[in-house]
**Q** 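Next up is a structure, given as structure tokens.
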Amino acid sequence: MDVKIEASWKDALQKEFSQPYFEKIVSFLKDAKQSGKVIYPAGSNIFNAFNTTPFEDVRVVILGQDPYHNPGQAHGLSFSVPKNVAPPPSLVNIFKEMSSDLGIDIPAHGNLEKWARQGVLLLNAALTVEANSPMSHSKIGWHEFTNDVIRTISDKKDHVVFILWGSFAKSKQELIDRNKHLILTAPHPSPLSAYNGFFGSGHFSKTNQWLQSKGLKPIDWSLDNN
């Protein structure tokens with residue numbers, strides 16, 4: 001199968017695309033589409049996180065669980081939505097913490113492409129979901145693929161910040177070499193858990209302090225309101 005993914009990622013992950021589990025993902029998605037099921041995000045956006053943030057540019061990883069499952073929301077970047085879509089509750093809380101941490105304005109939209117273009121890999125553990133059915137594709141093989149993505153970043157890069165919100169994301173710590181990388185953990189930004197330690201975690205400023213301490217450029221977390 002010829003996967004349409006940015007060249008540096010295609011090189012870094014080449015062996016995964018020929019694995020039996022990956023062929024099963026492809027077959028599952030084809031069968032689901034043929035049976036009339038609605039899958040998010042659109043096919044052209046499944047690898048959007050990789051196409052927007054080339055492997056050599058990755059400085060931060062923000063790990064989500066799976067794509068938004070309502071119409072118009074998912075576009076292949078974890079926690080992000082297109083500009084014409086209202087930010088979901090978790091993203092609203094992310095912006096509240098960002099504003100409190102850095103003293104910058106809460107943006108009027110939820111499109112995080114500006115972060116992604118600066119080297120923030122907005123990675124979901126599962127890259128697809130069936131409409132109105134959260135976690136519906138969590139066991140079709142995507143976790144095997146994205147676990148290898150995390151391992152590959154950990155093994156082949158230095159000084160990356162991994163931001164893990166919630167118990168699921170925290171479970172990925174074992175894939176990361178903490179001798180080379182910074183791991184930041186907190187409760188999930190969901191309204192159900194944000195007040196248990198997500199608010200006040202200071203992950204945006206801590207990320208930039210770490211990057212600068214390694215001689216790397218900090219992330220401009222502000223988003224334009226155009």
Side-chain angles (χ1 to χ4, degrees), residues 1-23 25-26 29 41-67 74-80 111-128 137 140-165 168-185 203-204 206-208 210-221:
M1 176 196 171
D2 182 35
V3 176
K4 291 185 173 67
I5 190 170
E6 188 273 334
S8 64
W9 280 111
K10 193 163 192 175
D11 182 59
L13 302 171
Q14 187 60 54
K15 62 182 176 58
E16 298 305 306
F17 301 124
S18 59
Q19 296 294 327
Y21 82 81
F22 199 88
E23 298 295 337
I25 294 173
V26 175
L29 294 177
S44 60
N45 278 333
I46 290 175
F47 293 103
N48 195 19
F50 304 90
N51 294 334
T52 311
T53 311
F55 180 71
E56 62 264 23
D57 293 346
V58 174
R59 294 183 286 149
V60 180
V61 178
I62 299 180
L63 184 66
Q65 199 156 354
D66 69 336
H75 66 143
L77 305 176
S78 65
F79 295 104
S80 179
N111 189 320
L112 305 181
E113 286 181 9
K114 181 181 175 183
W115 295 2
R117 289 194 298 270
Q118 294 178 78
V120 181
L121 181 68
L122 297 168
L123 178 68
N124 279 315
L127 300 188
T128 56
H137 290 181
I140 70 169
W142 280 129
H143 287 189
E144 197 165 346
F145 176 73
T146 53
N147 280 353
D148 191 72
V149 170
I150 295 168
R151 278 193 214 94
T152 299
I153 295 169
S154 178
D155 291 347
K156 295 186 177 181
K157 297 187 71 71
D158 295 317
H159 312 318
V160 174
V161 181
F162 290 85
I163 299 177
L164 309 177
W165 293 326
F168 173 81
K170 290 178 190 176
S171 72
K172 304 297 184 178
Q173 292 180 77
E174 64 186 32
L175 305 173
I176 303 163
D177 182 352
R178 52 178 71 242
N179 292 318
K180 293 199 297 177
H181 308 291
L182 176 65
I183 301 173
L184 297 174
T185 65
H203 283 180
F204 299 96
K206 288 175 181 175
T207 293
N208 281 350
W210 163 269
L211 292 173
Q212 288 176 298
S213 76
K214 303 300 179 184
L216 300 172
K217 188 177 179 182
I219 305 299
D220 176 8
W221 297 104

**Q** Which pairs of donor and acceptor atoms, one on a side chain in residues 153-160, lie under 3.5 Å apart (sequence neighbours left out)?
**A**
unit_1: Ser154; atom_1: OG; unit_2: Asp177; atom_2: N; d: 2.8
unit_1: Lys157; atom_1: NZ; unit_2: Phe55; atom_2: O; d: 3.1
unit_1: Lys157; atom_1: NZ; unit_2: Glu56; atom_2: O; d: 3.3

**Q** Check whether Trp115 reaches the backbone of Trp221 with its side chain - one donor and one acceptor, N or O, closer than 3.5 Å.
**A**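 Yes: the side chain of Trp115 pairs with the backbone of Trp221.
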**Q** Quick check: does any side chain N or O of Glu6 sit under 3.5 Å from a backbone N or O of Trp9, one acting as donor and the other as acceptor?
**A**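 The answer is yes, because a donor-acceptor pair under 3.5 Å joins these two groups.
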**Q** Would you check if Phe145 and Leu127 make a side-chain contact, meaning some heavy-atom pair closer than 4.5 Å?
**A**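 A side-chain contact under 4.5 Å exists here.
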**Q** Mind checking the CG-CG spacing from Leu123 to Asn48? Nearest 0.5 Å is all I need.
**A**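 These two atoms lie 12.0 Å from each other.
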**Q** Identify the residue among Asp66, Ile46, Asn147 that makes a side chain to side chain contact (heavy atoms under 4.5 Å, CB included) with Trp142.
**A**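 Considering Asp66, Ile46, Asn147, a side chain to side chain contact (heavy atoms under 4.5 Å, CB included) with Trp142 is found only for Ile46.
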**Q** With heavy-atom distances below 4.5 Å as the criterion, would you say the side chains of Ile140 and Thr128 are in contact?
**A**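 Counting from C-beta outward, Ile140 and Thr128 do come under 4.5 Å.
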**Q** Roughly how far, to the nearest 0.5 Å, is the NZ atom of Lys170 from the CD1 atom of Ile183?
**A**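 Reported to 0.5 Å precision, the distance equals 12.5 Å.
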**Q** Under the 3.5 angstrom rule, does the side chain of Gln19 hit a backbone N or O of Glu16 as a donor-acceptor pair?
**A**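 Absent.
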**Q** Going by heavy atoms in the side chains, are Leu63 and Phe162 under 4.5 Å from each other?
**A**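 No, their side chains stay 4.5 Å or more apart.
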**Q** Evaluate the side-chain proximity of Leu216 to Trp210: yes if any heavy-atom separation is below 4.5 Å, no if none is.
**A**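 The answer is no, as the side chains (C-beta and beyond) never meet within the 4.5 Å cut-off.
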**Q** Minimum heavy-atom separation for Ala126 and Pro67, please, with both atom names.
**A**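 Looking at all heavy atoms of both residues, the closest pair is O-CD, 3.2 Å.
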**Q** Using atom types as modelled and distance alone, determine if a side-chain donor or acceptor of Gln118 lies under 3.5 Å from a backbone N or O of Asp220.
**A**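 The answer is yes, because a donor-acceptor pair under 3.5 Å joins these two groups.
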**Q** Roughly how far apart are Arg117 CZ and Leu112 CG, rounded to 0.5 Å?
**A**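 Arg117 atom CZ to Leu112 atom CG measures 10.5 Å (nearest 0.5 Å).
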**Q** Is any side-chain heavy atom of Leu211 less than 4.5 Å from a side-chain heavy atom of Val60?
**A**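 The answer is yes; the side chains approach within 4.5 Å.
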**Q** Do the non-hydrogen side-chain atoms of Ser80 and His75 ever get within less than 4.5 Å of each other?
**A**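 Contact flag for Ser80/His75 side chains = yes.
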**Q** Compare every heavy atom of Lys15 with every heavy atom of Ser18, then report the nearest pair and how far apart it is.
**A**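 In this case the closest contact between Ser18 and Lys15 is OG-O, 3.2 Å.
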**Q** Between OG1 of Thr146 and NZ of Lys172, what distance do you get to the nearest 0.5 Å?
**A**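 So the gap between those two atoms works out to 5.5 Å.
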**Q** Quick one: pull up CD1 in Ile163 and CG in Leu121 and give me the separation to the nearest 0.5 Å.
**A**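 That separation rounds to 11.5 Å.
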**Q** Answer yes or no: is there a side-chain heavy-atom contact under 4.5 Å between Val161 and His203?
**A**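 With C-beta onward as the side chain, the pair stays apart.
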**Q** Which atoms form the tightest heavy-atom contact between Leu77 and Ala49, and what is the distance?
**A**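 Distance-wise, the nearest heavy atoms are CD2-CA, 3.5 Å.
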**Q** Using modelled atom types only, decide if a donor and an acceptor are shared between the side chain of Thr53 and the backbone of Ala116 within a distance under 3.5 Å.
**A**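 Flag set: sc Thr53 to bb Ala116 pair under 3.5 Å.
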